[in-house]
Q: 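Please find one structure pasted underneath; my questions will follow.
A, B, ... follow the sequence lines: proteins, then strands. Residue 1 opens every chain.
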Amino acid sequence: MPTIYDPRAVEEKWYRYWEENKFFRAEVDDREPFSIVMPPPNVTGQLHMGHALDNTLQDILTRWRRMQGYNTLWLPGTDHAGIATQAKVEEQLAKEGKSKYDLGREKFLERVWAWKEQYGGRITHQLRRLGASCDWDRERFTMDEGCSEAVKEVFLRLYEQGLIYRDYYIVNWCPRCHTTISDIEVEHLDKPGQLYYIKYPTSDGRDAITVATTRPETMLGDVAVAVHPGDERYRHLVGKTLVLPLLGREMPVIADEYVDPSFGTGAVKITPAHDPNDFEVGRRHNLPQVRVINKDAVMNEEAGPYQGLDRWECRKRIIKDLNEQGYLVKVEDHNHAVGHCYRCNTVIEPMLSRQWFVRMKPLAEPAIQAVKEGRIRFVPERFTKIYLNWMENIRDWCISRQLWWGHRIPVWYCRNCEEAIAAKEPPRKCTCCGSTRLEQDPDVLDTWFSSALWPFSTLGWPEKTPELDYYYPTSVLVTGRDIIFFWVARMIVSGLHFMREVPFREVFIHGLVLDALGRKMSKSLGNGVDPIDVIESHGADSLRFMLVTGNTPGNDLRFHFERLDGARNFANKIWNASRFALMNLQDYDPASAPGREAHTLADRWILSRYQACVQEVTRFLDSYELGEAARVLYEFIWDEFCDWYIELVKPRLYRGQDARDRACAQDVLARVLRGTMELLHPFMPFITEEIWQRLPHQGRTIMQAPWPVYRPELRDERAEAEMAVLMEVIRSIRHIRSEMNVPPGKTADVILVVTDGHTRDLIQEWSSYIQGLARCRVQLKPELDRVPPQAAHGVARGVEIYVPLAGLIDIDRELARLKKELAAVEKELKRVESKLGNESFLAKAPAEVVEKEKAREKELAGKASAIRERLAVLAG
RNA sequence: GGGCGGGUAGUUCAGUGGGAGAACGUCUGCUUGACGCGCAGAAGGUCGUAGGUUCAAUUCCUACCCCGCCCA
């Protein structure tokens, strides 16, 4: 075995072994199921750190539950990602100097499918490199036959139930993507802008109203000015007619509660075709709707002289013209939220348009109840509130997209009588007039419409499959907090509506992976770190371990390369500890290992600590505290197993004259190491498999090894307490040696004075531990017969330590050291004493706390007096 | 404007109603037969500010300040 662990040599090998042997495969049986559906990444995308985190968490849960004996299904798949994928192919075409219109719909879709074939395997291959133990035989795609069938079924049912409708409404139009997007796909960014005050004269020319707006170009579509009905300032003007500057259009002054009298001038221009609030006001007052901006965000013919101008250019010209004609009253700086397209960051144009919507209110109600009643639980709990708040204020969902790549809306329009016919297959003739001139709606559905069905469409719905019956509802959904609204909420809605049952029992939300400076990783910033690069340089295990530790559920995680190095060092530590074990296990025979009666203190101690580790790791996994579970393993392996147990076991293996003791050491070493690898396997699947396979084991893979079960009868409190004493004595001697500059290679003489009989017996029996780990010769005494003249001094757990340093000791230095130590002890002692002197404390604090403080007082007092005595001797 | 998260060692972050932790960095030693991606030792923190509850608050409550995110 090489001295440095090389992940490249083992990771690929084991993944192939697992996959070829179908260890990820899940089949329906009579065990208890544990199922997860993978949040489907973009089919043509590539793995980023967010995926790496999300899938690492899922894999940990999956591997752990599988080892626990659940029938575990982790179902993978990919998403067609409408806008993103289409945009990429269009980009590709643009390089050839073509547009999608040059190809036409059909040819264009062929290109996208070809693109999907070319890049579709990339991300799933990358997930394999991460170690994802999902059932690839069940991999799905949101546009495969089954999922498409589910989409049509859902659309038709909702349509028949009146929960899908087509209507004119203000939608968010992205002039660059050339499609509508839903409300949650709009990102609101606070931007510095101006508030323009514009005077609208009355038609008789005697009066005027000044309105304030941040978007003066929309005035071309104004059809009214609204004031609050209770606003005294404008009461006399309500009902009068105004003349729109620049265009000369006449329009009324209306009163509406919507107006906030305290904002701007208290008078609002109304543009029903380009603002959602104005749209509502317009409906209430039967106002016309005048669209002045077209789909390229260029002013149209309704804009009169401004036709053909880009919206920003138009704004400039309008301001100039208003100013010249005396209508511009003033301009103020004003910060306001501007909607941007989440995909391309273009400023969204609210626009009147006829689209398909899902009526959300009635669907949201059961989804609210399911969470309120605890049938779905969010982890961490605080996300419940975010979810409920959104659900309770839900608005209808605009589901049509002006794209070609996606699930085409299954509705045909009759060109004769305008009837709309919803159907899975193209109807032959109009159900109303019998005409055969039918045309399918050109639009496709929002990508999230199909992902909303993911937990059941992937299991076969609308067919009644055994898988659907067995694995639904899934056990837990693991996803980022950024898509609670996009995805989690909609899955809950559709699961409850179509399956009559929640889609998952728990939702485990994690944060975002940020760069070292705390910024979101993004292409435009170029601050992303490619997980594949990391896997190549540090190994998948290190990446996984780093992503899981030092971070708490739901919180964001900063990516630091130093932490990655730390994880790699940990892997290397495991590797070398195992190397040590394996080098000393060549003649190990588990069958003939001596029983418990042969165990040394160190054996009993490490076995007990291992049990504690089993208990804690399992407990933390149970509560989704994966970072804490990983930390427990890190500390157990590095500190207890490597730094103490291995050191203690060395002499028994190297130059053990006692064959039985050697066999015993081998047995404990092998068993603890194997068990620890099993506990660590969900986190670091590759290195643990490699080591496990080299150790004596049963079964074909660590993946199928039973999860270690906590056995309280193997906890040994006494061994732990006794080891604690020895460890502290050792640490104390090491400290003295280091402080007094005793060369590390030199064996020191140490006198231990122990008055307590039990402790003395303990040290007597295991003095080899102290001699080995503190490099010394120990002389044990019940009391001090003669004060060592030149010696450094220390106290640990009632054990007085003298390290004679004839000729080496600097009395002044030793005095200074002891004084410093005494000061620290006395300070602490004072704190404890004052606590114990407090009547209320004694009366009200729990007895065990009081006992603990008393014990501490005794220990500290003893320590202080020992140091004081020593000081007196040295000074005298 | 509303909500949420964070403010703990030089840095990045865990954690807890009863003696402040880790990693990295720093300092001192070390060819100790698993590992220098290592070993041993050390220094370093009025746990954001001000109140309150409690025998006891870094931890619970209230207000405020700063940073970040989400929603309107």
Q: Just to be sure I understand the geometry, which residues of residues 726-737 of chain A put a non-hydrogen atom under 4.0 Å away from RNA chain B?
A: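 By residue number: A:Arg731, A:Arg734, A:His735.
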
Q: Salt-bridge test for A:Glu635 and A:Arg631: reply yes if a basic N is under 4.0 Å from a carboxylate O, no otherwise.
A: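 Yes, A:Glu635 and A:Arg631 are salt-bridged.
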
Q: Students often get this wrong, so: under 4.0 angstrom with heavy atoms, is A:Asn393 touching a base, only sugar-phosphate, or nothing?
A: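 The residue A:Asn393 makes no contact with any strand.
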
Q: So does A:Pro350 get a backbone contact from the side chain of A:His274, meaning a donor-acceptor N/O pair under 3.5 Å?
A: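 The answer is yes, because a donor-acceptor pair under 3.5 Å joins these two groups.
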
Q: Within the structure, does a side-chain N or O atom of A:Trp638 lie under 4.0 Å from either OP1 or OP2 of B:C37?
A: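 Answer is no, no contact under 4.0 Å.
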
Q: Would you indicate which nucleotide in B:G18, B:G15, B:C55 comes nearest to any side-chain atom of A:Glu628?
A: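 Comparing B:G18, B:G15, B:C55 against the side chain of A:Glu628, the answer is B:G15.
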
Q: Under 30°, 30 to 60°, or over 60°: which ring-plane class applies to A:Phe570 and A:Tyr634, parallel, tilted or perpendicular?
A: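 Rings of A:Phe570 and A:Tyr634: tilted, as their planes differ by 30° to 60°.
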
Q: Quick check against the 3.5 Å criterion: does A:Asn838 have a side-chain atom that pairs as donor or acceptor with the backbone of A:Ser834?
A: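 No: the side chain of A:Asn838 does not pair with the backbone of A:Ser834.
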
Q: Are the charged groups of A:Asp587 and A:Arg662 less than 4.0 angstrom apart, N to O?
A: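 Looking at A:Arg662 together with A:Asp587, the answer is yes, because their closest N to O distance falls below 4.0 Å.
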
Q: Using residues 548-556 of chain A as the side-chain source, report each donor-acceptor pair under 3.5 Å to any protein atom, sequence neighbours left out, with the distance given to one decimal.
A:
| from | atom 1 | to | atom 2 | distance (Å) |
| --- | --- | --- | --- | --- |
| A:Thr549 | OG1 | A:Phe545 | O | 2.8 |
| A:Thr549 | OG1 | A:Arg563 | NH2 | 3.3 |
| A:Asn551 | ND2 | A:Asn555 | O | 3.0 |
| A:Asn551 | ND2 | A:Asp556 | O | 3.4 |
| A:Asn555 | OD1 | A:Arg382 | NH2 | 3.0 |
| A:Asp556 | OD1 | A:Arg481 | NH1 | 2.6 |
| A:Asp556 | OD1 | A:Leu512 | N | 2.8 |
| A:Asp556 | OD2 | A:Arg481 | NH1 | 3.2 |

Q: Where each pair must be Watson-Crick or G-U wobble with both distances under 3.5 Å, what dot-bracket representation of RNA chain B is obtained, with crossing pairs in [ ] and other-strand partners as |?
A: (((((((..((((....[..)))).(((((.......))))).....(((((..]....)))))))))))).

Q: Could you tell me how far apart A:Asp482 (CG) and B:C4 (P) are, to the nearest whole angstrom?
A: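 A:Asp482 atom CG is separated from B:C4 atom P by 20 Å.
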
Q: Can you spot which of A:Asp603, A:Asp667, A:Asp658 makes a salt bridge (Lys or Arg N to Asp or Glu O under 4.0 Å) with A:Arg652?
A: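 Of the listed options, the one satisfying the test is A:Asp603.
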
Q: For nucleotides 27-33 of chain B, read 5' to 3', which letter fits each nucleotide if B means a protein heavy atom sits under 4.0 Å from the base, S means only the sugar-phosphate is that close, and - means neither?
A: --SS-SB

Q: Taking the same atom, P, in B:U26 and in B:C66, what whole-Å distance lies between them?
A: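 Between the two P atoms, the distance is 36 Å.
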
Q: At less than 4.0 Å, is any side-chain N or O atom of A:Arg631 found next to OP1 or OP2 of B:A14? Yes or no.
A: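 No.
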
Q: Side chain of A:Asn569 only, heavy atoms from C-beta on: which candidate in B:C35, B:A14, B:C37 is closest?
A: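 Of B:C35, B:A14, B:C37, B:C37 is nearest to the side chain of A:Asn569.
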
Q: How close do A:Ile646 and A:Ala577 get, heavy atom to heavy atom, and via which atoms?
A: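 Here A:Ile646 and A:Ala577 meet closest at CD1-CB, 3.9 Å.
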
Q: Just the rounded figure in Å: distance from C1' of B:G5 to OH of A:Tyr387.
A: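 Distance check: A:Tyr387 OH to B:G5 C1' gives 22 Å.
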
Q: Any base atoms under 4.0 Å from A:Arg568, or only sugar-phosphate, or nothing? Heavy atoms, all strands.
A: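 Answer is base: heavy atoms of A:Arg568 come under 4.0 Å of a base.
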
Q: Nearest whole angstrom, please: distance from the C1' of B:A22 to the CE of A:Met546.
A: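 So the two atoms are 15 Å apart, to the nearest Å.
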
Q: Would you please confirm or rule out a distance under 4.0 Å between OP1 or OP2 of B:G15 and any side-chain N or O of A:Thr552?
A: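 So the side chain of A:Thr552 is within the cut-off, an N or O lying under 4.0 Å from OP1 or OP2 of B:G15.
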
Q: Pick out the pairs of N or O atoms, protein on one side and nucleotides 66-72 of chain B on the other, that lie under 3.5 Å.
A:
| from | atom 1 | to | atom 2 | distance (Å) |
| --- | --- | --- | --- | --- |
| B:C69 | O2' | A:Arg481 | NH2 | 3.4 |
| B:A72 | OP1 | A:Arg395 | NH2 | 3.4 |

Q: Report yes if a side-chain nitrogen or oxygen of A:Arg563 is closer than 4.0 Å to either non-bridging phosphate oxygen (OP1 or OP2) of B:C24; otherwise report no.
A: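 So the side chain of A:Arg563 is outside the cut-off, no N or O lying under 4.0 Å from OP1 or OP2 of B:C24.
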
Q: B:C39, B:U12, B:G19: which one has an atom nearest the side-chain heavy atoms of A:His560?
A: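 Closest of the options to the side chain of A:His560: B:U12.
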
Q: Locate the shortest heavy-atom distance separating A:Val672 from A:Phe636; write the atom from each residue and the value.
A: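 A:Val672 and A:Phe636 have their closest heavy atoms at CG1-CZ, 4.0 Å.
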
Q: Looking for any heavy atom pair under 4.0 Å, which part of the strands does A:Leu557 touch: base, sugar-phosphate only, or nothing?
A: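 If one applies the 4.0 Å heavy-atom cut-off, A:Leu557 turns out to touch nothing in the nucleic acid.
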
Q: Do A:Leu680 and A:Ile574 have side chains that get closer than 4.5 Å, going by heavy atoms?
A: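 Yes, side chains in contact.
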
Q: Of the options B:G19, B:C55, B:G15, whose atoms approach the side-chain atoms of A:Arg856 most closely?
A: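 Comparing B:G19, B:C55, B:G15 against the side chain of A:Arg856, the answer is B:G19.
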
Q: Would you indicate, yes or no, if B:G38 has its OP1 or OP2 atom less than 4.0 angstrom from a side-chain nitrogen or oxygen of A:Asn572?
A: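 Indeed not, no polar side-chain atom of A:Asn572 lies that close.
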
Q: Shortest non-hydrogen contact from A:Leu836 to A:Lys854?
A: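 Where A:Leu836 meets A:Lys854 most closely, the heavy atoms are CD2-CG, 3.8 Å.
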
Q: Which residue lies toward the 5' end of RNA chain B, A:Ala577 or A:Asn838, if each is placed at its nearest nucleotide?
A: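 Residue closer to the 5' terminus by nearest nucleotide: A:Ala577.
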
Q: Can you find a pair of side-chain heavy atoms, one from A:His340 and one from A:Ile348, that are under 4.5 Å apart?
A: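 SC-SC contact between A:His340 and A:Ile348 ruled out.
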
Q: Which nucleotide in the set B:A14, B:C55, B:G18 lies at the smallest distance from any side-chain heavy atom of A:Asn555?
A: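 The listed nucleotide nearest to A:Asn555's side chain is B:A14.
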
Q: Counting the atoms with a prime plus P, OP1 and OP2 as sugar-phosphate, which does A:Arg558 contact under 4.0 Å by heavy atoms, base, sugar-phosphate, or nothing?
A: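 It contacts sugar-phosphate atoms only.
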
Q: Measure from the side chain of A:Lys573, starting at C-beta and using heavy atoms only, and say which of B:C39, B:C55, B:G5 lies closest.
A: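 Of B:C39, B:C55, B:G5, B:C39 is nearest to the side chain of A:Lys573.
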
Q: So, is A:Lys385 close to the B:C4 phosphate, meaning a side-chain N or O under 4.0 Å from OP1 or OP2?
A: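 Yes, such a contact exists.
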
Q: Please report, rounded to the nearest Å, how far the P atom of B:C4 is from the CG atom of A:Leu512.
A: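 Taking CG of A:Leu512 and P of B:C4, I get 20 Å after rounding.
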
Q: Who are the side chain to side chain contact (heavy atoms under 4.5 Å, CB included) partners of A:Ser768, not counting sequence neighbours?
A: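 Checked A:Ser768 against side chain to side chain contact (heavy atoms under 4.5 Å, CB included); zero matches.
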
Q: Which whole number of Å gives the distance between the P atom of B:G17 and that of B:C60?
A: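 It works out to 8 Å between them.
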
